[in-house]
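Read through the structure below, which is laid out as structure tokens, and then see the notes.
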Protein chains: 2
Amino acid sequence: MAREGRKSRAVTILDIAKSAGVSKSTVSLVLKRSPLVKEETRQRVAGAMDALGYVYNRGAASLRRARADIVGMVINDLSNPFFAELAIGIERALQNSGFVPFIANTAESVVRQAEVVRSMREHGAAGLILCPALDTDVAEISRLEARLPIVLAIRRIIGTRASLVVSDNLAGAARATEHLIELGHRDIAFVGGVGRMVVFQDRVAGFAGAMEKARLAVEPARTIESMPTKDGGFDAMKRLLSLDRRPTAVVCFNDVVAIGAMLAIARQGLTVGRDVAVVGFDDTAEARHVSPALTTVSVDAGSLGERAAQMLLRQINEGERRLESYVGEARLVVRESCGADFKRRIAS
Amino acid sequence: MAREGRKSRAVTILDIAKSAGVSKSTVSLVLKRSPLVKEETRQRVAGAMDALGYVYNRGAASLRRARADIVGMVINDLSNPFFAELAIGIERALQNSGFVPFIANTAESVVRQAEVVRSMREHGAAGLILCPALDTDVAEISRLEARLPIVLAIRRIIGTRASLVVSDNLAGAARATEHLIELGHRDIAFVGGVGRMVVFQDRVAGFAGAMEKARLAVEPARTIESMPTKDGGFDAMKRLLSLDRRPTAVVCFNDVVAIGAMLAIARQGLTVGRDVAVVGFDDTAEARHVSPALTTVSVDAGSLGERAAQMLLRQINEGERRLESYVGEARLVVRESCGADFKRRIAS
DNA sequence: CTGAAAGCGCTTACAG
DNA sequence: CTGAAAGCGCTTACAG
């Protein structure tokens with residue numbers, strides 16, 4: 001009935017050694033798959049482990065080796081499918097690396113983020129992949145980055161020299177805006193996102209650049225900030241639609257904002273794509289699945305995650321600091337929400 | 001330039017002790033906030049920690065105390081918002097418990113699940129919250145459950161005596177079905193989910209029970225299995241719509257399946273709610289956000305997660321085995337996809 | 001391949 | 001409050 005857990009005395013390599021009639025050292029060699037041990041001995045030891053229900057104590061090993069096999073992934077919003085896909089990509093890349101990823105969700109709280117990071121360091125994390133929460137302090141990142149390998153993902157923070165994996169926000173937003181302009185739109189708004197985020201600034205810059213190139217006005221009143229969530233997008237779009245002159249198209253901060261915006265448009269009795277064109281950013285699985293399907297900028301969250309993981313592994317293994325940056329391609333994926341279809345039907 | 005990480009010699013309590021002019025024991029007492037240490041000493045020690053950049057080594061502490069402060073959460077599909085919400089609820093409940101949750105995603109692979117569980121045990125997890133992957137072996141759970149505190153969440157597995165947090169699948173599905181029957185539907189199908197999952201069996205049983213109570217036929221050909229994903233739901237619905245006689249309503253295995261099904265219906269040129277009524281199960285945030293809004297069975301993933309966490313904490317703290325079960329209420333939330341609205345408009 | 005010894009950083013009694 | 005000692009379970013040389 002009693003559990004054999006950490007409570008009662010655990011089975012150790014010494015027990016295994018006795019049971020298999022070898023020394024502690026030999027068991028340790030078996031554990032690390034050393035070729036020094038002959039097959040027959042190896043099997044005897046493995047048999048003893050099975051029989052006694054041995055569980056390797058990584059804590060003890062880490063303590064001795066002064067290095068643990070975990071890496072932390074700190075995610076700012078796990079309920080956003082984009083970050084869930086990112087996390088899954090990171091996990092995939094870590095699969096056979098000898099490191100296990102531990103995920104934590106900060107829910108955009110810097111306080112929570114500090115706790116989580118501290119906890120991961122206390123557990124001996126060999127490195128961190130960090131998607132910084134809103135309003136993360138530059139100094140905090142710099143301090144961290146001096147102490148352990150770290151890769152910043154998705155959200156750039158100005159003033160740090162940490163390794164970085166982001167997507168090409170400027171080009172992506174520009175491309176999305178150009179597409180709307182090509183479709184004939186002149187009155188285009190930017191919806192969602194928080195002004196003090198660098199990602200927001202980059203995307204707005206891409207948007208404004210494309211507008212200016214086409215000699216179109218960028219009115220400050222037509223850039224509506226919001227939390228980068230579905231509800232945020234819904235509210236922002238509602239506000240935008242309540243203005244006296246409504247835009248014919250909107251570039252949204254990201255997909256969840258765009259989906260929220262689409263709902264606000266529908267709620268208003270308008271048709272997405274015909275009355276108001278919508279484009280998103282991220283290309284999460286949801287973008288394909290909503291109706292009308294969302295035209296968006298694809299950044300491939302999964303492969304960004306893989307990149308970040310590989311970058312972190314290099315940094316951990318090479319010991320000394322080696323900073324890299326990767327800017328993932330941002331590719332426009334035209335579906336229905338931009339109304340390209342409606343235009344075509346009218347033209348023909 | 002050099003990192004102070006685990007590579008070079010780490011700062012230990014001995015360094016702190018020297019720097020603060022106290023003994024190692026005193027530092028340890030400060031660490032655990034013992035009232036034995038007077039405030040002035042405490043501050044001196046805390047100051048030294050700050051100055052030297054001390055990081056508590058939990059691995060060493062766990063080793064000595066033979067007990068770690070982590071609990072594992074093993075999730076079968078983190079890309080399903082339902083499980084993401086569950087995970088967030090678990091995290092919330094663990095916030096001030098002294099335990100930190102480590103999440104891992106098995107992506108429905110039992111092989112991956114075994115690896116992940118082993119890794120968590122090796123790291124000394126004090127307990128596990130497990131959402132079993134498809135086809136998880138009963139024997140494996142039983143073995144595990146004899147060795148450490150464990151709470152099974154969401155997916156019941158027949159034959160184990162482990163603690164359990166699930167929702168009332170039978171009643172929920174019955175309620176959803178009854179609602180469709182009240183709306184006048186006679187020809188109702190069940191869409192999505194994998195037949196060998198107990199959750200599926202429970203929900204189908206609820207569905208069939210309600211049908212039989214209304215003396216309606218349950219045709220096996222009208223129970224279409226699929227992976228419990230959006231794509232699965234899409235495919236299943238497509239198959240269902242290709243039958244000669246199409247049902248007027250469908251009860252879906254869960255929300256992601258329902259949303260996939262809604263897309264298949266729309267793709268077919270039909271209108272959800274008017275041509276085919278749809279109800280889901282879970283009430284994820286997405287259910288509110290799709291259009292038409294999904295009528296579904298609310299089970300409150302977040303609070304199920306909290307329950308599971310509390311149950312696990314009790315089990316860990318009380319030392320000996322104490323099995324509990326919690327069956328969360330399943331409440332029908334009527335929105336638009338069931339067509340209640342259309343019916344009303346016709347009636348008036 | 002094996003055995004003995006030391007040590008990773010902490011906590012736990014225990015005596016003062 | 002403090003100090004000295006032992007020990008958690010492992011790995012790491014090192015000598016055989």
Starting from [atom2] on [N], measure out to [atom1] on [X] and report it in whole angstrom.
{"X": "A:Lys18", "N": "C:dT2", "atom1": "NZ", "atom2": "P", "result": "17 Å"}
{"X": "B:Arg33", "N": "C:dT11", "atom1": "CZ", "atom2": "P", "result": "12 Å"}
{"X": "A:Arg44", "N": "C:dT2", "atom1": "CZ", "atom2": "C1'", "result": "12 Å"}

Subject >> Watson-Crick and G-U pairing of DNA chain D, under 3.5 Å, as dot-bracket with | and [ ] >> reply: |||.||||||||.|||

Any luck finding a side-chain donor-acceptor pair between [X] and [Y] under 3.5 Å?
{"X": "A:Thr106", "Y": "A:Ser109", "answer": "no"}
{"X": "B:Glu85", "Y": "A:Ser79", "answer": "no"}
{"X": "A:Thr136", "Y": "A:Gln113", "answer": "yes"}
{"X": "B:Gln315", "Y": "B:Ser163", "answer": "yes"}

**OP:** Evaluate the side-chain proximity of B:Val151 to B:Leu164: yes if any heavy-atom separation is below 4.5 Å, no if none is.
**Re:** no

**OP:** Give the B/S/- string for nucleotides 4-10 of chain D, one per nucleotide from 5' to 3', where a protein heavy atom under 4.0 Å of the base yields B, of only the sugar-phosphate yields S, and otherwise -.
**Re:** B-BBBBB

**OP:** Considering only NZ, NE, NH1 and NH2 on the basic side and carboxylate oxygens on the acidic side, decide whether B:Glu108 and B:Arg155 come within less than 4.0 Å.
**Re:**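 Yes, this pair counts.
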
Original post:
So what does A:Thr41 touch, heavy atoms closer than 4.0 Å: a base, only the sugar-phosphate, or nothing?
Top reply: sugar-phosphate

Original post:
What does B:Thr26 touch in the nucleic acid at a heavy-atom separation under 4.0 angstrom: a base, only the sugar-phosphate, or nothing?
Top reply: sugar-phosphate

Original post:
Can you tell me how far CD of A:Glu324 sits from CG of A:Leu312, rounded to the nearest 0.5 angstrom?
Top reply: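 That separation rounds to 10.5 Å.
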
Subject >> B:Ser23 side chain near D:dG3 phosphate (N/O to OP1/OP2, under 4.0 Å) >> reply: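 The answer is yes; a side-chain N or O of B:Ser23 sits under 4.0 Å from OP1 or OP2.
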
Original post:
Relative to each other, are the rings of A:Phe102 and B:His123 parallel, tilted or perpendicular (30° and 60° limits)?
Top reply: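 Ring orientation of A:Phe102 relative to B:His123: perpendicular.
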
